[in-house]
Amino acid sequence: MTDTKEIVESPKSAVGQPRENEPVLQPPVDISEDVNGITLLADMPGVSRDRLNIQVDKDTLLIEGEAKIDMPEGMKPLYADIRSTRYRRSFALSSELQTDSIDATLKDGVLCLRILKRPESRPRKIEVRTV
Amino acid sequence: MFGSLTNLEGSLFDEFRRMEQRMDELFGRDTWLPGIRSVARGTFPPINVGATPEKVDVYLFSPGVDPKSLDVSIQQSLLTISGERKAPEQENAKSYRKERFYGEFRRVITLPDDIDPERVEARYTDGVLHIAVQRREESKPKQIEIK
């Protein structure tokens, strides 16, 4: 049945196949801070754990991922909001953060990073003793 | 000084315009007329729709959504997907960036007329909802043999 393929229009840019010079998507993020550290949430739909890369180089945090979308061969795009499968975003970290122990979890395409502050940067409560 | 600034800005915008044109060439945006039920660009969740002679594939990029909150229904060739993404509970946390969408969402997609609403499959993996809708046999291209 390979003959039928010729009738089908050739796939110009299947909905998210990696191509050369493919644009990079900036995942939207939520960043918040509590007394102990910083929490970062990033939307990276289609990215599985093995296609995710989180790197800290000096003060730069880099988040990278590649979405794997299951697409049949010869698919013709009818509509596409998402035109790339690569995500990348970086942030500058600050010195009071413990960059050597960042906790990362990935669930249903949402990356959650937890960056703790150095113990000396956390607010300490000073107890007042009565003599 | 200001002259050079505006020049710089001008060239930057030109660059963006060129990029946009290039994107349009690549993806043929002009060939897609916005549907009467379409939403503004950037609305959550983004969708992609692709077709093969056998089926139509719809991808909904909706990370962090409880699959139980997703509602997928099909009426003739109209596919409706709705759901909700709940905000995480964060006590005593101060927010810096809030770029992610929270709340209820709904997207309606007009599928080709030859789809079979009885044969629909939906799967949620890594935050992507993939809906595969089979097309009717008679509409598949057939090779006609020349005798």
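Everything numeric here is computed off the predicted structure, so don't read it as measured data.
Judged purely by distance below 3.5 Å, without hydrogens or angles, the side chains of Asp30(A) and Tyr102(B) pair a donor atom with an acceptor atom.
Follow the hydrophobic side-chain contacts under 4.5 Å out from Val110(A) and you never reach Tyr59(B); the two are in separate clusters. Hydrophobic clustering, with ILVMFWY side chains joined whenever heavy atoms are under 4.5 angstrom apart, keeps Leu70(B) apart from Val108(B). Connection of Leu111(A) to Phe91(A) is established within a shared hydrophobic cluster, with ILVMFWY side chains joined at heavy-atom distances below 4.5 Å, either directly or through further cluster members. Following chains of ILVMFWY side-chain contacts shorter than 4.5 Å, one cannot reach Leu61(A) starting from Leu116(A), and the two form parts of different hydrophobic clusters. Under the 4.5 Å side-chain heavy-atom criterion for grouping Ile, Leu, Val, Met, Phe, Trp and Tyr, Val72(B) is not connected to Leu78(B) through any hydrophobic cluster.
Interface check for chain B: of the options Leu41(A), Asp34(A), Ile31(A), the most heavy-atom pairs under 4.5 Å are formed by Ile31(A). Here Arg89(A) is the residue among Lys68(A), Met44(A), Arg49(A), Arg89(A) with the most heavy-atom pairs under 4.5 Å with chain B. The residue among Ala51(B), Ala132(B), Ser62(B) with the most heavy atom pairs within less than 4.5 Å of chain A is Ala51(B).
The shortest distance between side-chain heavy atoms of Thr52(B) and Lys76(A) does not fall below 4.5 Å. Within the 4.5 Å cutoff, no side-chain heavy atoms of Pro77(A) are placed close to those of Val49(B). Residues Val65(B) and Asp108(A) have side chains not in contact (no heavy-atom distance under 4.5 Å, counting atoms from C-beta outward). In this structure the side chain of Lys94(B) never reaches within 4.5 angstrom of the side chain of Ser32(A), judged on heavy atoms.
Pairing each heavy atom of Asp57(B) with each of Pro72(A), the nearest pair is OD2-CG, 3.3 Å. Of all heavy-atom pairs between Pro112(B) and Leu78(A), the closest is CG-CD1, 4.3 Å. The two residues Pro45(A) and Gly127(B) make their nearest non-hydrogen contact at CB-O, 3.7 Å.
Atom CD of Gln76(B) has 12 or fewer heavy atoms from other residues, nucleotides or ligands within 6.0 Å. Taking a 6.0 Å sphere around CG of Asn92(B), one finds it holds 12 or fewer heavy atoms contributed by other residues, nucleotides or ligands. Around CZ of Arg51(A), the count of heavy atoms belonging to other residues, nucleotides or ligands within 6.0 Å exceeds 12. Counting heavy atoms of neighbouring residues, nucleotides and ligands inside a 6.0 Å radius, atom CZ of Arg106(B) does not exceed 12 of them.
The existence of a salt bridge linking Asp81(A) and Arg107(B) is confirmed by a sub-4.0 Å separation between a basic side-chain nitrogen and an acidic carboxylate oxygen. Using a cut-off of 4.0 Å between Lys/Arg side-chain N and Asp/Glu carboxylate O, Asp43(A) and Arg85(B) are scored as salt-bridged.
Contacts of Val29(A) with chain B are made by both backbone and side-chain atoms, with heavy-atom separations under 4.5 Å.
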**Message:** Assess the residue pair Asn48(B) and Tyr79(A) against the criterion (side chain to side chain contact (heavy atoms under 4.5 Å, CB included)); give the C-alpha distance rounded to whole Å, side-chain angles, the decisive distance to 0.1 Å, and a yes or no.
**Reply:** CA-CA 5 Å; Asn48(B) 280 11; Tyr79(A) 178 83; 5.5 Å; no

**Message:** side chain to side chain contact (heavy atoms under 4.5 Å, CB included), that's the test. Do Tyr96(B) and Leu40(A) meet it? Break it down for me.
**Reply:** CA-CA 10 Å; Tyr96(B) 295 115; Leu40(A) 181 151; over 6 Å; no

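One distance of note links CG of Leu106(A) with CG of Asp126(B); it measures 6.5 Å at 0.5 Å rounding.
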